[in-house]
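Everything below concerns the one structure shown next.
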2 protein chains.
Amino acid sequence: MGSTRRPTLADVAARVGVTPKTVSRVLNEDGPVSEATRAKVLAVVEELGFRPNLMARNMRVGARDSTVGLVVPDMGNPFFGTVAGGVEDAVRDRGLTLLMGSSGEREPLEHALITTFLARRISGLLVVPAAGSDHRFLRRERESGLPVVFVDRPGAGLAADAVVSANEEGARVGVAHLIAHGHRRIAFVGDRPATLYTRKTRQRGYRSALEAAGIGHDPALVVTAHDPYAAGVAVRRLLALADPPTAVFAANNFASLGVVPALAEAGRRDVALVGFDDLPLAAVLEPGLTVVAQDPAAIGRAAAELVLARLGGDRSRAVTRTVPVTLVRRGSGELPPPPPSASC
Amino acid sequence: MGSTRRPTLADVAARVGVTPKTVSRVLNEDGPVSEATRAKVLAVVEELGFRPNLMARNMRVGARDSTVGLVVPDMGNPFFGTVAGGVEDAVRDRGLTLLMGSSGEREPLEHALITTFLARRISGLLVVPAAGSDHRFLRRERESGLPVVFVDRPGAGLAADAVVSANEEGARVGVAHLIAHGHRRIAFVGDRPATLYTRKTRQRGYRSALEAAGIGHDPALVVTAHDPYAAGVAVRRLLALADPPTAVFAANNFASLGVVPALAEAGRRDVALVGFDDLPLAAVLEPGLTVVAQDPAAIGRAAAELVLARLGGDRSRAVTRTVPVTLVRRGSGELPPPPPSASC
DNA sequence: TTGTATGCGTTATCAC
DNA sequence: GTGATAACGCATACAA
């Protein structure tokens with residue numbers, strides 16, 4: 001039980017009465033082979049259920065493994081899952097397989113995962129860098145030709161390709177949308193840590209929209225929350241301000257997930273809301289949630305294509321691709337501010 | 001450029017002035033090594049940035065690759081993403097890496113993916129079988145000792161371990177919950193194809209709850225929908241029946257995603273609803289969506305543990321593990337039926 | 001404590 | 001057309 005060794009090239013060869021190399025030739029359509037032996041080989045391959053061992057094949061002189069490694073913070077997050085799907089789609093046709101792991105947004109785990117991938121001699125590396133992680137240790141690899149692409153956020157300490165969403169522009173568009181509907185007191189609920197790339201760029205978009213409209217920046221309206229609960233708390237606090245916001249920009253979907261119920265529970269259907277990143281039930285809410293939607297599948301595909309291009313010999317300098325976002329109007333972002341009333 | 005060959009065991013050995021085997025001993029803490037050479041080896045390993053080649057290591061006599069393969073229908077689905085996360089967590093500590101791919105619920109793709117995984121000589125295989133796929137082709141592998149675990153749905157044509165949710169019981173509990181709140185006309189919105197395992201088992205639970213309550217089964221209340229849109233259409237049709245349902249059981253989250261907006265648009269806040277599988281915004285809806293929540297991370301972990309146990313030598317017969325589900329009350333499932341009125 | 005011989009399954013090279 | 005030989009990077013078994 002559990003011990004029937006898989007057939008090898010040599011087994012097939014022996015059974016046919018040729019050398020392994022001939023079998024190899026048939027399978028890889030390499031050198032010339034007589035039609036007779038060719039047929040015989042294929043027959044025996046079928047009979048024995050022979051499958052070439054990719055480990056052995058990839059171990060040829062200097063060859064890399066036919067895999068690409070992908071590190072994400074969390075596979076359960078549909079954003080990263082969809083990114084991964086995009087990567088896999090783009091990579092599969094080239095005979096590459098996806099090696100995947102999650103870092104839990106923790107630098108040590110990310111590092112360990114990447115190290116394992118490198119030990120496997122992956123053909124390309126795609127990383128959604130954890131906050132604060134440093135990729136200097138990848139320099140040697142990059143120099144020796146390993147394609148590295150940072151996804152969703154740029155990496156640090158390494159000149160490598162990157163694919164990101166149009167974060168700043170998306171936030172600007174989202175906030176400008178609220179301004180266009182008459183709002184001037186607009187809160188920003190962003191991720192923690194505040195140094196996170198997506199947080200910073202989106203906040204920059206927020207500020208630039210305000211500036212473009214000649215609206216002064218009020219630091220009291222900018223809050224940080226790392227989960228829905230914290231976002232809910234933050235919103236309640238905002239609404240309790242002496243001069244509260246009439247609109248909220250939720251800079252990611254954890255923020256949206258907190259802001260939406262907080263507004264609902266407070267019975268504040270008059271507060272406008274635009275979220276960054278789409279949610280499955282966004283259209284079902286009342287009002288529907290207006291969002292700046294990202295395109296995670298496109299991000300994954302773009303990242304994979306960069307890896308493939310590098311693998312194909314593209315030695316040009318590192319680029320950053322920006323994937324467009326889309327404003328999806330569903331109601332919450334089109335609410336007008338309350339009519340100006342006599343201040344108490 | 002791009003051609004500095006990675007250092008090998010031999011390179012390190014040469015630089016230290018010992019044989020490769022000695023270096024190997026140091027790295028694997030195998031045989032005895034003098035403290036002097038040990039230190040020297042480690043120094044050179046560091047200096048050269050040497051990383052053992054896992055491909056080569058795994059190619060030892062009869063050894064399998066230190067990976068497990070996971071095939072899911074769709075990585076963008078947070079359910080499967082979370083399953084994958086559970087698998088990875090459980091597997092990582094044992095030094096195994098996750099090889100992942102999505103089948104798009106299509107049998108040929110699933111087959112191709114598995115074949116590739118086999119060619120890589122994975123140590124274990126986890127599959128969420130696509131509807132209608134047959135796994136007879138895996139018999140040889142199973143017999144030669146490859147651990148195979150079906151996830152979320154049992155496989156066909158192969159005696160292998162499986163991990164599934166408590167589908168039947170969950171549906172029974174969900175429907176019984178509606179019955180307990182006074183409903184007797186309860187619709188069932190299930191997946192397509194109706195032969196899908198999860199569809200069948202959940203429908204069985206639905207029927208058994210009805211039977212237990214002495215409620216006759218009305219085929220007109222059972223509908224099939226494969227996406228939110230179809231589910232919405234189906235619900236509208238149900239509500240237009242002469243004797244419409246007062247409650248709906250949505251047997252998966254695509255169904256919920258269609259039923260919720262359909263009820264909202266129809267202004268039917270009086271229709272009770274219980275969904276199978278949780279949704280991120282479920283608590284935010286009005287009323288909150290009552291669901292039978294699955295535990296995808298636990299499913300992934302359980303599946304991985306089965307693989308590990310088999311890898312550890314467990315040769316007992318194939319088992320099916322059932323992961324419990326939980327009824328989460330949020331409002332929609334606790335709505336009473338409308339008071340009986342004179343029929344028109 | 002360290003070295004030698006050998007093998008894993010495949011492909012490259014060069015010969016016949 | 002086909003074969004013999006070496007090599008990829010590491011580990012196992014046995015010697016020294």
Side-chain angles (χ1 to χ4, degrees), chain A residues 3-42 44-45 48-66 95 116 118-123 144, chain B residues 3-42 44-45 48-66 95 116 118-123 144:
Chain A
S3 55
T4 14
R5 198 176 51 84
R6 290 192 64 100
T8 74
L9 213 54
D11 296 330
V12 176
R15 198 149 166 65
V16 177
V18 293
T19 60
K21 179 62 203 171
T22 302
V23 178
S24 172
R25 269 194 270 259
V26 172
L27 265 47
N28 299 313
E29 287 163 351
D30 204 14
V33 184
S34 84
E35 200 42 57
T37 53
R38 191 185 141 70
K40 211 164 180 182
V41 164
L42 289 177
V44 173
V45 162
L48 263 47
F50 168 78
R51 292 277 148 209
N53 183 329
L54 284 183
M55 274 198 286
R57 167 176 290 172
N58 289 330
M59 229 188 60
R60 284 162 324 171
V61 198
R64 301 200 145 275
D65 193 6
S66 54
T116 306
L118 295 178
R120 308 196 72 89
R121 302 300 186 262
I122 53 174
S123 290
S144 67
Chain B
S3 55
T4 14
R5 196 177 53 81
R6 290 193 63 101
T8 74
L9 213 55
D11 295 329
V12 176
R15 198 146 164 66
V16 177
V18 294
T19 61
K21 179 58 208 171
T22 303
V23 178
S24 172
R25 268 195 271 259
V26 172
L27 266 48
N28 300 314
E29 287 163 350
D30 204 14
V33 184
S34 83
E35 201 41 59
T37 54
R38 189 185 144 69
K40 212 165 179 182
V41 164
L42 288 176
V44 173
V45 161
L48 262 47
F50 168 78
R51 291 279 147 208
N53 183 331
L54 283 184
M55 276 198 285
R57 167 178 290 173
N58 288 329
M59 231 186 62
R60 288 162 325 174
V61 197
R64 301 200 145 274
D65 194 6
S66 54
T116 305
L118 295 179
R120 306 197 72 89
R121 301 300 187 266
I122 52 174
S123 291
S144 67

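From a predicted model like this one, the values you see are computed outputs, not experimental measurements. No hydrogens, no waters, no symmetry mates; every other heavy atom, side chains included, goes into these values. Every chain is numbered from 1, with letters handed out A, B, ... down the list of sequences.
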(message) Using the side-chain hydrogen bond (donor to acceptor under 3.5 Å, both in side chains) criterion, which residues pair with A:N58? Sequence neighbours excluded.
(response) A:D65, A:S66
(request) Could you tell me which non-hydrogen atom of A:P20 sits nearest to which non-hydrogen atom of A:A13, and how far apart they are? (result) N-CB, 3.5 Å
(message) As a test of reading the structure: which of D:dC10, D:dG9, C:dT10 is closest to the side chain of B:F50, going by heavy atoms?
(response) D:dC10
(request) Within residues 25-33 of chain A, find the residues that approach DNA chain D with a heavy atom at under 4.0 Å, and present them sorted by residue number. (result) A:R25, A:P32, A:V33
(message) Categorize A:L9 for me: base, sugar-phosphate, or nothing, with a 4.0 angstrom heavy-atom threshold over every strand shown.
(response) base
(request) Taking only heavy atoms on the protein side, list every residue of residues 10-22 of chain B lying under 4.0 Å from any atom of DNA chain C, sorted numerically. (result) B:V18, B:T19, B:K21, B:T22
(request) Take the C1' atoms of the five end pairs on each side of the helix from C:dT1-D:dA16 to C:dC16-D:dG1, derive the two axes, and give their angle rounded to 10 degrees. (result) 40°
Pairs of donor and acceptor atoms involving the side chains of residues 27-36 of chain B, under 3.5 Å and at least two apart or interchain, shall be tabulated with distances.
from	atom 1	to	atom 2	distance (Å)
B:N28	OD1	B:R57	NH2	3.0
B:N28	ND2	B:S24	O	3.2
B:N28	ND2	B:S24	OG	3.3
B:S34	OG	B:T37	N	3.2
B:S34	OG	B:T37	OG1	3.0

(message) So, does A:S34 get its side chain near the phosphate of D:dT2, meaning an N or O under 4.0 Å from OP1 or OP2?
(response) yes
(message) Which nucleotide wins on minimum distance to the side chain of A:T37, given the candidates D:dG9, D:dT2, C:dG9?
(response) D:dT2
(message) Is there a side-chain contact between A:R60 and the phosphate of C:dT10, meaning an N or O under 4.0 Å from OP1 or OP2?
(response) no
(request) Taking salt bridge (Lys or Arg N to Asp or Glu O under 4.0 Å) as the test, write out the residues that go with B:R15, two or more places apart. (result) B:E47
(request) Answer yes or no: is there a donor N or O on one side and an acceptor on the other, between the side chain of A:R64 and the main chain of A:I122, under 3.5 Å? (result) yes
(request) State, with a plain yes or no, whether a side-chain heavy atom of B:T22 is found less than 4.5 Å away from one of B:T19. (result) yes
(message) I need the single residue from A:V12, A:V44, A:V41 that forms a side-chain contact (heavy atoms from CB on, under 4.5 Å) with A:F50. Which is it?
(response) A:V12
(message) Tell me every residue that passes side-chain hydrogen bond (donor to acceptor under 3.5 Å, both in side chains) with B:S123, counting only those two or more places apart in sequence or in another chain.
(response) none
(request) Using atom CZ of B:R6 as one end and atom P of D:dC8 as the other, report the distance to the nearest whole Å. (result) 16 Å
(request) Could you go through the side-chain contact (heavy atoms from CB on, under 4.5 Å) check for B:R51 and A:R121 one step at a time? (result) CA-CA 10 Å; B:R51 291 279 147 208; A:R121 302 300 186 262; 4.3 Å; yes
